[in-house]
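A quick write-up on the structure given underneath.
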Amino acid sequence: MHKYSKEIPFPETKFFTSIANLNEKEELDSVQSIAFMGRSNSGKSSLLNALSNHRGLAKVSRTPGKTKLINIFRTREGFNLVDLPGFGYSKASHKEHKDMMKLLEGFLNTWQNLKILFILCDSQREFPEEELSTIEVAMEKKIKPVVIRTKIDKLNQSEQHRVRTDMESAMNEIGVPFRVFYLSATTGRGVGELREFIVENMIPSNKGV
């Protein structure tokens, strides 16, 4: 078990169900939810495992971009974690990438009770324009966008400074500030702070977990 930088408990979380497309969501979106999106090698599964302190919650694929299902996890506090399929940075075809972006757009347009969209991006890469556009769309939909720059442990101090400058430039381009976490699922850096943020936003009066 990792020794996280900030020991914030997270509600017990278990796998609930998977759906192949948004037509199958039925009543699933009636539950308050937070969602996680990111390119295929952004470290999304590793983050979900670290966040929930459940090493096997989300399966880490050896083939990035292989999972095409929307995986839904439910917490003991009653809110859902929605794991969206990864896209780009993989061997997926142009059509597959386009389909993934269409799925994401449909998700933001139709999923009810989505409170927060976490947008993951590998710190070793520049922040893509598509993700920047997604932030703007989320804001338009009254969904809180939160950027998570993952694998921050892979960078030295000057590289970390570059990533922070990159995010400041993104905020200036949009013209509205948004929350950014710099995180490593491997070392636990930033995981406690992210847990705290989710608990404060998803559990009324922060009554505890």
Side-chain angles (χ1 to χ4, degrees), residues 1-2 4 6-40 42-61 64-87 100 103-121 134 137-138 141-148 150 179 181 183 185-186 188 190-209:
M1 183 181 297
H2 287 302
Y4 295 111
K6 197 170 185 180
E7 290 297 331
I8 301 296
F10 195 78
E12 181 182 356
T13 305
K14 295 182 178 180
F15 173 76
F16 187 69
T17 190
S18 292
I19 58 176
N21 59 66
L22 293 172
N23 294 328
E24 300 175 7
K25 64 185 176 69
E26 297 180 352
E27 298 296 318
L28 290 171
D29 61 346
S30 65
V31 177
Q32 287 203 342
S33 303
I34 59 178
F36 298 80
M37 64 157 281
R39 296 183 183 250
S40 302
S42 61
K44 193 154 46 67
S45 296
S46 296
L47 171 62
L48 287 168
N49 291 340
L51 184 64
S52 63
N53 213 2
H54 188 330
R55 194 179 294 271
L57 182 71
K59 294 182 179 179
V60 180
S61 175
K66 187 175 181 180
T67 302
K68 297 295 187 291
L69 298 175
I70 299 174
N71 294 313
I72 300 169
F73 306 92
R74 182 155 294 176
T75 69
R76 189 180 64 188
E77 291 295 327
F79 66 90
N80 286 340
L81 279 65
V82 182
D83 180 14
L84 297 168
F87 63 96
M100 288 297 102
L103 173 67
L104 175 60
E105 183 180 352
F107 179 81
L108 293 178
N109 284 330
T110 65
W111 200 272
Q112 303 297 315
N113 290 304
L114 177 61
K115 303 303 178 183
I116 308 171
L117 176 66
F118 291 100
I119 302 166
L120 280 66
C121 179
T134 302
V137 172
K141 302 292 181 184
K142 308 301 181 186
I143 300 164
K144 183 180 295 185
V146 176
V147 172
I148 301 176
T150 60
R179 188 67 185 268
F181 287 89
L183 185 144
T186 301
V191 173
E193 288 77 5
L194 181 58
R195 286 176 176 172
E196 185 174 41
F197 175 83
I198 293 172
V199 167
E200 288 176 349
N201 280 272
M202 299 303 295
I203 301 178
S205 303
N206 192 9
K207 65 182 180 181
V209 295

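- Looking at every heavy atom in both residues, M202 comes nearest to I116 through SD-CD1, 4.3 Å.
- Counting heavy atoms from C-beta outward, L194 and L47 have side chains that approach closer than 4.5 Å.
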Query raised in the report: Could you walk me through whether T75 and L81 pass the side-chain contact (heavy atoms from CB on, under 4.5 Å) check?
Result: CA-CA 8 Å; T75 69; L81 279 65; 3.4 Å; yes
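- When all heavy atoms of F73 and F15 are compared, the closest pair comes out as CD2-CA, 3.5 Å.
- Remark: the backbone N or O of S42 is paired with a side-chain donor or acceptor of T150 at under 3.5 angstrom.
- Contact of the F181 side chain with the V147 side chain is not registered, since no non-hydrogen atoms from C-beta on lie closer than 4.5 Å.
- The heavy-atom pair separating W111 from L22 by the smallest distance is CE3-CD2, 4.1 Å.
- For L117 against A138, the heavy-atom pair with the smallest separation is CD2-CB, 4.4 Å.
- Closest heavy-atom contact between S52 and N49: OG-O, 3.4 Å.
- Of all heavy-atom pairs spanning S46 and A185, the tightest one is O-CB, 3.7 Å.
- Under the 4.5 Å side-chain criterion, counting only non-hydrogen atoms from C-beta, L120 is not in contact with M37.
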Query raised in the report: Checking side-chain contact (heavy atoms from CB on, under 4.5 Å) for the pair I19/L28: CA distance, chi angles, key distance, verdict?
Result: CA-CA 10 Å; I19 58 176; L28 290 171; 3.9 Å; yes
Requested in this report: Could you go through the side chain to side chain donor-acceptor pair (under 3.5 Å) check for N201 and K115 one step at a time?
Outcome: CA-CA 9 Å; N201 280 272; K115 303 303 178 183; over 6 Å; no
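- Between the side chain of S33 and the backbone N or O of V31, at least one donor-acceptor pair lies under 3.5 Å.
- V82 places none of its side-chain heavy atoms less than 4.5 Å from the side chain of N71.
- With hydrogens and angles disregarded, a donor-acceptor distance shorter than 3.5 Å links the side chain of N21 to the backbone of N23.
- Side-chain contact check for L84 versus I70: some heavy-atom pair is nearer than 4.5 Å.
- Taking a cutoff of 4.0 Å between a charged side-chain nitrogen and a carboxylate oxygen, K14 and E12 qualify as a salt bridge.
- A distance below 6.0 Å separates the ring centres of F36 and F118.
- Between the OG1 atom of T110 and the NZ atom of K141 there is a distance of 9.5 Å, given to the nearest 0.5 Å.
- Counting heavy atoms from C-beta on, the side chains of P85 and L103 come closer than 4.5 Å.
- For the pair E24 (side chain) and A20 (backbone), a donor-acceptor distance under 3.5 Å is present.
- The shortest distance between side-chain heavy atoms of I148 and I119 does not fall below 4.5 Å.
- No side-chain heavy atom of I72 sits less than 4.5 Å from a side-chain heavy atom of D83.
- Distance check, rounded to the nearest 0.5 Å: CD of Q32 to CG of N113 gives 6.0 Å.
- Remark: the backbone N or O of G86 is not paired with any side-chain donor or acceptor of R39 at under 3.5 angstrom.
- Under the salt bridge (Lys or Arg N to Asp or Glu O under 4.0 Å) criterion, the residue pairs touching residues 26-36 are K25-D29, with sequence neighbours excluded.
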